[in-house]
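First up is the structure itself, then whatever we jot down about it.
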Amino acid sequence: MTYQTHIARIDTLIRDHAGTWDGISAESVARMRLQNRFATGLDIARYTAKIMRADMAAYDADPARYTQSLGCWHGFIGQQKMIAIKKHFGSTQGRYLYLSGWMIAALRSEFGPLPDQSMHEKTSVPALIAELYTFLRQADARELGMLFREVDAARAAGNSIEEQRLLNAIENHQTHVVPIIADIDAGFGNAEATYLLARKMIEAGACALQIENQVSDEKQCGHQDGKVTVPHEDFLAKVRACRYAFLELGVEDGIIVTRTDSLGAGLTKQIAVSKTPGDIGDQYNGFLDCEEIDPATARNGDVILNRDGKLLRPKRLPSNLFQFRAGTGEDRCVLDCITSLQNGADLLWIETEKPHIEQIAGMVDRIRAVVPNAKLVYNNSPSFNWTLNFRQQVYDAWVDAGQDVSAYDRARLMSAEYDETPLGAQADERIRTFQSDSAKRAGIFHHLITLPTYHTAALSTDNLAKAYFGDAGMLGYVKGVQRKEIREGIACVRHQNMSGSDIGDDHKDYFAGEAALKAGGAHNTMNQFAA
């Protein structure tokens with residue numbers, strides 16, 4: 001509904017109340033409605049799911065149209081990210097938010113900082129989704145509010161051309177609300193627990209849920225050791241639970257991202273149920289590290305598998321876990337991905353130990369031989385040492401090509417002395433084009449960095465503390481923060497405006513007119529930043 005249509009309908013509604021609503025301004029109500037476009041989280045989930053579906057179709061047609069996101073641990077961080085994107089690029093198209101379970105565990109748990117092992121309160125996940133969207137909706141309200149004020153100023157000046165330009169900008173306003181890919185870890189329990197949490201996440205606004213095939217009560221960060229996977233049927237029950245939650249709530253375009261940790265997981269807690277040779281349970285068990293035994297040598301408590309007429313004893317660890325054969329991780333990854341896509345998943349996530357395009361592409365080629373439109377979400381993880389990895393890749397490529405590498409020590413390639421060398425420059429160029437190259441070669445539809453704002457917060461705070469508490473004193477803040485905000489046009493330099501002070505003044509004006517006591521008067525120090 002357009003701005004003018006809102007005004008006309010509300011004006012009719014006011015007149016229908018025989019003068020008792022004459023203190024209400026139809027235009028003010030229309031403004032408040034536009035500033036609050038999404039009434040519920042489900043409205044957001046349905047809207048953003050359609051965006052993601054359209055983006056996925058666009059990527060299928062052209063892999064140059066991949067999408068991106070950054071992980072955000074607070075609503076303000078997500079808001080500032082989207083404000084920055086609109087400022088620098090003019091559009092939020094293809095840019096999402098990522099909600100990281102790691103960052104919730106480390107930063108948002110009432111227990112305090114925790115490792116990424118699903119020990120944080122599961123309610124903190126939907127709470128952060130709701131918080132992110134509260135801040136994104138507030139960004140809409142702030143931006144539209146400034147446009148409304150400019151409309152009023154143009155009218156007061158009698159500038160009808162400027163007024164019309166501003167009204168067109170209002171009609172074509174692009175929301176800051178974008179899709180969130182939200183981490184549900186391994187489901188925080190059984191399939192019913194997964195369903196209940198999925199519902200809460202969707203109700204908060206999540207259109208895409210990312211779930212992994214680890215054991216819930218043994219869940220580990222994807223880039224740490226000790227990961228334990230579950231049989232496919234156990235995992236698929238949770239995938240179905242997520243789909244039921246989407247469909248129950250009317251989010252029919254909802255997206256499920258299935259993550260496999262099999263590349264780095266060498267353990268399983270369960271032996272899969274198998275009914276016929278070659279079924280999915282039998283395939284899972286076929287990766288187990290087993291030894292053939294004679295029934296006469298079976299030990300008390302042994303678990304015995306019968307395969308092709310042979311009796312096999314899976315190797316069981318003192319932890320009561322079973323181990324897979326070494327070197328089977330990639331095959332297990334491929335089977336996980338194919339099975340997930342054949343049972344309702346929309347996108348895949350393969351957690352790798354390094355950012356290597358051909359390693360990822362090798363698995364995707366095998367998956368696409370069965371499911372041609374398979375697409376990945378890929379973690380451009382801060383757990384990778386990107387500089388070292390890519391310098392090693394360039395070094396090894398040069399060795400294979402017979403190029404002279406005598407000026408470089410492979411064991412010391414992280415050294416700053418290599419920063420301005422040809423090898424360092426080529427590695428940096430590979431890092432720069434990694435996303436576009438892997439989108440084209442390795443089927444990566446969505447690139448994200450899980451923990452970037454965790455690291456940026458630490459780095460910027462370190463820089464400020466070093467300057468402010470050192471010899472620079474107040475100049476450490478002014479030169480390192482405020483002056484840069486002013487020069488670079490960072491909106492929150494006017495922090496009162498960013499926090500909603502002007503929106504509150506507008507509401508006071510609607511409610512009380514000339515009697516309103518406003519905060520944004522001539523003596524507001526925020527006016528020092530007006531220019």
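Small disclaimer: the values here were computed from a predicted structure and weren't measured.
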Would you check if the side chain of [X] reaches a backbone N or O of [Y] as a donor-acceptor pair within less than 3.5 Å?
| X | Y | result |
| --- | --- | --- |
| Arg243 | Gly254 | yes |
| Asp43 | Thr40 | yes |
| His120 | Ser109 | no |
| Asn379 | Glu351 | no |
| Thr461 | Ala458 | no |
| Asp302 | Ile304 | no |
| Lys86 | Gln174 | yes |
| Arg199 | Glu248 | no |
| Asn190 | Glu192 | yes |
| Glu233 | Gly281 | no |

Side chains of [X] and [Y]: does their closest heavy-atom pair fall under 4.5 Å?
| X | Y | result |
| --- | --- | --- |
| Thr260 | Glu212 | no |
| Leu311 | Asn306 | yes |
| Phe445 | Asp60 | no |

Check your understanding: Hey, mind stepping through Tyr408 and Thr421 against side-chain contact (heavy atoms from CB on, under 4.5 Å) and telling me if it holds?
Key -> CA-CA 10 Å; Tyr408 305 97; Thr421 63; 3.6 Å; yes
Review point. Checking side-chain hydrogen bond (donor to acceptor under 3.5 Å, both in side chains) for the pair Asn380/Gln68: CA distance, chi angles, key distance, verdict?
Key: CA-CA 10 Å; Asn380 292 227; Gln68 300 167 292; over 6 Å; no
Between [X] and [Y]: side-chain donor-acceptor atoms closer than 3.5 Å:
| X | Y | answer |
| --- | --- | --- |
| Thr328 | Asp331 | no |
| Thr67 | Asp55 | no |
| Ser118 | Asp185 | yes |
| Asp336 | Ser262 | yes |
| Tyr454 | Ser100 | no |
| His232 | Ser340 | no |

Find the distance between [atom1] ([X]) and [atom2] ([Y]) and round it off to the nearest 0.5 Å.
| X | Y | atom1 | atom2 | result |
| --- | --- | --- | --- | --- |
| Leu413 | Leu388 | CG | CG | 6.5 Å |
| Arg316 | Leu288 | CZ | CG | 11.5 Å |
| Cys492 | Ile83 | SG | CD1 | 8.0 Å |
| Leu128 | Ile104 | CG | CD1 | 5.0 Å |
| His455 | Met103 | NE2 | CE | 8.5 Å |
| Leu97 | Ile77 | CG | CD1 | 11.5 Å |

Looking at every non-hydrogen atom in both residues, tell me the closest pair between [X] and [Y] and how far apart they are.
| X | Y | value |
| --- | --- | --- |
| Ser274 | Asp279 | OG-OD1, 3.0 Å |
| Arg391 | Tyr418 | NH1-CB, 3.7 Å |
| Ile350 | Cys333 | CG2-SG, 4.0 Å |
| Phe324 | Thr229 | CE1-OG1, 3.6 Å |
| Gly329 | Leu263 | C-CD1, 3.9 Å |
| Arg53 | Asp253 | NE-O, 3.0 Å |

Whether over 12 other heavy atoms sit under 6.0 Å from [X] [atom1]:
| X | atom1 | result |
| --- | --- | --- |
| Lys466 | NZ | no |
| Glu252 | CD | no |
| Glu420 | CD | no |

Check your understanding: Considering the options Trp349, Tyr98, Tyr59, Tyr96, which one meets the ring pair (Phe, Tyr, Trp, His ring centres under 6.0 Å) requirement together with His446?
Key ->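 Result for ring pair (Phe, Tyr, Trp, His ring centres under 6.0 Å) with His446: Tyr96.
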Review point. Is the Lys NZ or Arg CZ of Arg37 less than 6.0 Å from the centre of Tyr47's six-membered ring, within 45° of the axis?
Key: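 Checked: cation-pi criterion met.
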Exercise for review: Using the six-membered ring of Phe38, assess whether NZ or CZ of Arg137 lies under 6.0 Å from its centre and within 45 degrees of the ring axis.
Suggested key: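 Ring-cation test returns no.
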Is [X] salt-bridged to [Y], going by a charged N under 4.0 Å from an acidic O?
| X | Y | value |
| --- | --- | --- |
| Lys315 | Asp289 | yes |
| Arg108 | Glu131 | yes |
| Asp282 | Arg307 | yes |
| Arg313 | Glu292 | no |
| Arg259 | Asp261 | yes |

Exercise for review: Any chance you could lay out the side-chain contact (heavy atoms from CB on, under 4.5 Å) test for Tyr284 and Ile271, step after step, and finish with the verdict?
Suggested key: CA-CA 8 Å; Tyr284 186 82; Ile271 293 176; over 6 Å; no
Practice item. Kindly indicate, with the supporting measurements, whether the criterion side-chain hydrogen bond (donor to acceptor under 3.5 Å, both in side chains) is fulfilled by Ser415 and Glu417. Key: CA-CA 5 Å; Ser415 173; Glu417 70 184 86; 3.2 Å; yes
Practice item. If the plane angle is over 60° it's perpendicular, under 30° parallel, otherwise tilted; pick one for Phe434 and Tyr378. Key: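 Geometry flag for Tyr378 against Phe434: tilted rings.
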Check your understanding: With respect to His447, which candidate in Ser436, Ser69, Ser438 satisfies the side-chain hydrogen bond (donor to acceptor under 3.5 Å, both in side chains) definition?
Key ->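 So, applying the side-chain hydrogen bond (donor to acceptor under 3.5 Å, both in side chains) to His447 and each of Ser436, Ser69, Ser438, only Ser438 qualifies.
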